[in-house]
Number of protein chains: 2
Amino acid sequence: MTHSVTLLEETWLASAGLRPTRQRLSLAHLLVGDGEHRHVTAESLYEASRDSGEKVSLATVYNTLRVFSEAGLLREITVNGARSYFDTNVSNHPHFFWEDSEELMDAPADELEIARLPDAPDGAEISKVDVVIRLRRS
Amino acid sequence: MTHSVTLLEETWLASAGLRPTRQRLSLAHLLVGDGEHRHVTAESLYEASRDSGEKVSLATVYNTLRVFSEAGLLREITVNGARSYFDTNVSNHPHFFWEDSEELMDAPADELEIARLPDAPDGAEISKVDVVIRLRRS
DNA sequence: GTATATGCAAATTATTTGCAGGAAT
DNA sequence: ATTCCTGCAAATAATTTGCATATAC
């Protein structure tokens with residue numbers, strides 16, 4: 001069931017200069033509607049959208065995730081050759097990746113301490129540093 | 001041009017219990033024949049193989065990279081949603097990834113110092129930690 | 001009214017698989 | 001002999017794109 005309040009979602013879109021269409025608002029609601037951080041794939045968000053009774057096509061989910069990422073509203077995480085994950089937490093933080101279930105979670109940022117990092121080669125600057133801690137059930 | 005010496009490549013395969021077929025020896029030669037570390041994709045290795053005059057099918061390149069990785073001879077690196085990279089350096093070390101050219105390189109391992117790492121959640125152990133430093137030309 | 005977004009189906013890209021023939025042990 | 005490997009073509013999976021219609025500004 002959709003909240004009647006769309007202010008948060010509208011503000012979120014507006015902050016990136018994106019038009020508040022029905023589809024974007026409904027996906028935004030699923031992504032950031034409750035203030036919790038979320039990790040989704042195109043497929044998982046599409047299913048969540050279907051389950052919530054909204055109608056948004058899979059192509060639009062793909063396109064919207066891409067647009068949101070390029071606008072800085074999401075962070076794309078690459079852990080797995082095949083699928084892309086998108087994180088509503090756009091700050092620099094490490095991830096746990098469960099190798100068996102292919103699930104991606106935040107790892108506690110305050111427990112990671114990088115004391116020294118290689119310098120970027122000449123002519124380059126660091127765009128971001130991805131730290132993925134891969135987990136195997138023991 | 002293929003070296004007449006295949007001892008290194010044979011040893012490399014034998015150490016993982018893999019049969020020294022013509023195709024594997026020739027790919028192994030391209031991968032570790034000169035003792036340098038290399039980062040390849042299926043496509044790039046296939047091209048290198050074609051250029052060297054050997055005939056190995058693309059499917060076999062894919063299958064062979066997978067077999068080599070599962071045998072521990074290569075390390076698969078995921079940097080990019082789409083393509084898989086394979087590294088002949090199987091030790092734990094960070095990578096530079098050039099976002100514009102999609103090129104993957106080793107970063108100096110001695111310049112990375114991780115002082116503290118999040119503990120694995122209960123019931124899990126760390127399988128590996130991937131550190132990818134993404135670079136943008138400046 | 002004009003620019004931008006959406007939906008569908010078709011296209012593309014990376015990769016895997018089934019199976020018949022070939023090579024290694 | 002038997003087990004494993006290779007090549008091809010077809011299958012699959014994730015994602016993108018072209019284009020007509022719909023919606024936001």
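Quick note on labels: first sequence line is chain A, next is B, and so on, each numbered from 1.
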- Query: Out of curiosity, His37(B) NE2 to Leu31(B) CG, how far, rounded to the nearest 0.5 Å?
  - Reply: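 One finds 12.0 Å between NE2 of His37(B) and CG of Leu31(B).
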
- In this structure, CZ of Phe86(A) is separated from CZ of Arg38(A) (nearest 0.5 Å) by 16.0 Å

[N] [atom2] sits how many Å from [X] [atom1], rounded?
X         : N       : atom1 : atom2 : value
Glu70(B)  : dT16(C) : CD    : C1'   : 12 Å
Leu13(B)  : dT25(C) : CG    : P     : 10 Å
Gln23(A)  : dC8(C)  : CD    : C1'   : 13 Å
Leu18(B)  : dT6(D)  : CG    : P     : 10 Å
Glu10(B)  : dT25(C) : CD    : P     : 9 Å
Glu102(B) : dT13(C) : CD    : P     : 13 Å
Leu25(A)  : dA24(D) : CG    : C1'   : 11 Å
Glu43(B)  : dT15(C) : CD    : C1'   : 11 Å

- Query: Hey, can you pull the residues of residues 55-64 of chain A with a non-hydrogen atom under 4.0 angstrom from DNA chain D?
  - Reply: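 Residues of residues 55-64 of chain A under 4.0 Å from DNA chain D: Ala59(A), Tyr62(A), Asn63(A).
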
- Query: Quick one: are Leu73(A) and Leu18(A) in side-chain contact, heavy atoms under 4.5 Å?
  - Reply: yes

- Message: Using a 4.0 Å heavy-atom cut-off, does Thr41(A) contact any base of the nucleic acid, only the sugar-phosphate backbone, or nothing at all?
- Response: nothing

- Task: Have a look at Arg83(B) and say if it touches a base, only the backbone sugar-phosphate, or nothing, with a 4.0 Å heavy-atom cut-off.
- Result: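 Answer is sugar-phosphate: Arg83(B) comes under 4.0 Å of backbone atoms only.
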
- Task: Decide if atom CZ of Arg50(B) counts as having more than 12 heavy atoms of other residues, nucleotides or ligands within a radius under 6.0 Å.
- Result: no

- Task: Please check if atom NZ in Lys128(A) has more than 12 non-hydrogen atoms from other residues, nucleotides or ligands closer than 6.0 Å.
- Result: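 Yes, the 6.0 Å shell around NZ holds more than 12 heavy atoms from other groups.
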
For the pair [X] and [Y], find out whether any cationic side-chain nitrogen is under 4.0 Å from an anionic carboxylate oxygen.
X         : Y         : answer
Glu76(B)  : Arg66(B)  : yes
Arg137(B) : Asp100(B) : yes
Arg75(B)  : Asp87(B)  : no

- Among dG7(C), dA24(D), dT15(D), which is the nearest nucleotide to the side chain of Arg22(A)?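 Within the option list, the nearest is dG7(C).
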
- Terminal axes of the helix from dG1(C)-dC25(D) to dT25(C)-dA1(D) (five pairs each): angle between them, nearest 10 degrees: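 One end axis against the other gives 30°.
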
- Task: Check whether any side-chain nitrogen or oxygen of Arg24(A) sits under 4.0 Å from OP1 or OP2 of dA5(C), and answer yes or no.
- Result: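 Yes.
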
- Tell me whether the OP1 or OP2 atom of dA23(C) has a side-chain N or O from Arg19(B) closer than 4.0 Å.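 Answer is no, no contact under 4.0 Å.
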
- Residue whose closest nucleotide on DNA chain C lies nearer the 5' end, Phe86(B) versus Thr21(B):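 Mapping each residue to its closest nucleotide by heavy atoms, the 5'-most match is Phe86(B).
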
For residues 112-122 of chain B, tabulate all N or O donor-acceptor pairs below 3.5 Å that involve a side-chain atom, not counting sequence neighbours.
unit_1: Glu113(B); atom_1: OE1; unit_2: Arg116(A); atom_2: NE; d: 3.4
unit_1: Arg116(B); atom_1: NE; unit_2: Glu113(A); atom_2: OE1; d: 3.4
unit_1: Arg116(B); atom_1: NH2; unit_2: Asp110(A); atom_2: O; d: 2.8

